[in-house]
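Below: one structure, written as structure tokens.
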Number of protein chains: 2
Amino acid sequence: MQITSKFTAAVHILTCIEVFGGEMRVTSDFLSGSTGVNAVIVRNVLGQLREAGIVETRQGSGGAHLAKPTSEITLYDVYRAVECTDDTGLFRFHENPNSKCPVGRNIHKVMDGRLEAAQAALENELKLTTLAEVVADTKKIIEEE
Amino acid sequence: MQITSKFTAAVHILTCIEVFGGEMRVTSDFLSGSTGVNAVIVRNVLGQLREAGIVETRQGSGGAHLAKPTSEITLYDVYRAVECTDDTGLFRFHENPNSKCPVGRNIHKVMDGRLEAAQAALENELKLTTLAEVVADTKKIIEEE
DNA sequence: AAAGTTGTAACATTGTTTGTTTCAACTTTC
DNA sequence: GAAAGTTGAAACAAACAATGTTACAACTTT
């Protein structure tokens with residue numbers, strides 16, 4: 001079980017938009033070339049990032065742009081945007097615990113809070129990194145190459 | 001994307017072994033009845049818990065037992081035992097970033113450490129809860145019913 | 001020997017993820 | 001306003017993963 005690669009792809013996409021956006025039009029085709037991800041998937045991801053208010057895209061003219069400063073976009077924002085977890089959270093419960101069993105009918109009460117805490121720990125860590133840092137690190141490595 | 005339900009099932013199973021182990025033989029059939037999980041899956045989970053040194057089982061005689069005190073079994077131990085994540089970690093990378101693109105060939109270097117930190121945050125949170133606490137909470141709720 | 005249990009393999013089913021094809025709607029440029 | 005390039009989106013396909021099912025050998029106890 002792993003978190004969808006759309007998440008790392010989305011970070012990659014946003015980094016490209018910031019790094020290359022000044023000098024060229026960053027289209028889904030270009031992003032597909034850089035990420036190795038199918039262009040339609042790229043457009044899906046861009047659509048989710050757009051709904052989350054992270055990027056702006058336009059039909060026809062082409063080229064994606066960031067909708068806000070890189071310092072205001074965290075990895076958590078991206079994680080949420082691509083819906084790495086659904087409404088029921090990161091952990092999945094076995095579906096039919098037996099309500100006739102004392103353990104079965106109470107396991108949810110005992111575990112739910114702890115699972116939410118673990119999920120929150122992950123998410124809080126993702127909130128600590130902004131796209132600005134990712135872009136800065138990337139540019140630094142490129143310069144040193 | 002969600003973490004396999006084998007994890008919550010495993011916690012459920014271990015709780016049952018501790019709660020009911022004193023008064024009866026806790027077989028895979030009984031555990032299947034309490035969890036609502038297929039008996040063969042239960043045996044698979046028990047097999048993984050056995051390999052991890054968490055439970056003891058024996059062919060023929062039947063009935064699972066804990067291999068160490070509940071205070072020495074954390075949710076993280078269970079999480080590891082059922083292999084919620086493979087060797088490549090919780091996050092999955094898109095597979096073919098383009099090495100000809102400056103961003104594509106460096107995105108791993110920039111992201112890997114941060115993804116590992118996020119994963120570690122989740123795992124560290126899971127280390128904070130022991131099976132002893134889960135069992136104690138469960139017994140308390142049962143008594144109050 | 002009989003009954004019940006575990007361990008395991010093989011297969012089936014279901015659901016999810018990713019990729020592909022297709023095309024309408026849109027924008028820019030000529 | 002026609003042509004070219006692009007996005008948005010739907011429908012479908014392929015690959016993969018998770019869970020369930022069937023079957024049976026090996027084992028233990030009675």
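Proteins come first, then strands; the chains are lettered A, B, ... in the order of their sequence lines, and each starts at number 1.
Picking from C:dT22, C:dT27, D:dT19 the nucleotide with the shortest atom distance to the side chain of A:S61 gives C:dT27. Of the listed nucleotides (C:dG19, D:dT7, D:dT28), D:dT7 has the atom at the smallest distance from the side chain of A:T57. Of the listed nucleotides (C:dT18, C:dT28, C:dT22), C:dT18 has the atom at the smallest distance from the side chain of A:S5.
For the pair A:R58 and C:dT28, the criterion of a side-chain N or O lying under 4.0 Å from OP1 or OP2 is met. An OP1 or OP2 oxygen of C:dT17 is reached within less than 4.0 angstrom by no side-chain nitrogen or oxygen of B:R92. OP1 or OP2 of C:dT18 has at least one side-chain nitrogen or oxygen of A:T4 nearer than 4.0 Å. In terms of phosphate contacts, A:S28 brings a side-chain nitrogen or oxygen within less than 4.0 Å of OP1 or OP2 of D:dT7.
Following rounding to the nearest Å, A:L46 (CG) and C:dC26 (C1') show an atom-to-atom distance of 17 Å. One atom, CZ of B:R43, and another, C1' of D:dA26, lie 13 Å apart when rounded to the nearest Å. When the C1' atom of D:dA9 is taken as reference, atom CD of A:E51 falls 12 Å away, rounded to whole Å. In this structure, A:Q59 atom CD and C:dC26 atom P are separated by 6 Å, rounded to whole Å. When the P atom of D:dT28 is taken as reference, atom CZ of B:R25 falls 14 Å away, rounded to whole Å. Summarising the geometry, the separation between NE2 on B:H94 and C1' on C:dG19 is reported as 15 Å, rounded to the nearest angstrom. Residue A:I41 contributes atom CD1, which lies 8 Å from atom C1' of C:dT17 at whole-angstrom precision. The distance from atom CG of A:N38 to atom P of D:dA13 is 16 Å, rounded to the nearest whole Å.
In a base pair of the Watson-Crick type (N1 to N3 plus N6-O4 or O6-N4) or a G-U wobble (N1-O2 and O6-N3), with each distance short of 3.5 Å, D:dA11 is matched with C:dT20.
Taking both residues in full, the closest heavy atoms of A:I54 and A:D77 are given as CD1-O, 3.8 Å, listed atom of the first, atom of the second, then distance.
The aromatic rings of B:F93 and B:H108 sit parallel to each other, their planes meeting at less than 30°, with 60° as the upper class boundary.
Residue contacts shown for A:N44 are absent, as no nucleic acid heavy atom lies under 4.0 Å away. Residue contacts shown for A:V37 are limited to sugar-phosphate atoms, with no base heavy atom under 4.0 Å away. Among the heavy atoms of the strands lying under 4.0 Å from B:G60 is at least one base atom, whether or not backbone atoms are also near.
Mapping A:A64 and B:K6 onto DNA chain D via the closest heavy atom, the residue that lands nearer the 5' end is A:A64.
Residues B:V40 and B:L46 are members of separate hydrophobic clusters, defined by side-chain heavy-atom contacts under 4.5 angstrom among Ile, Leu, Val, Met, Phe, Trp and Tyr.
Using modelled atom types, no side-chain atom of A:S34 and backbone atom of A:L31 make a donor-acceptor pair closer than 3.5 Å.
The environment of NZ in B:K68 is crowded: more than 12 heavy-atom neighbours from other residues, nucleotides or ligands sit within 6.0 Å.
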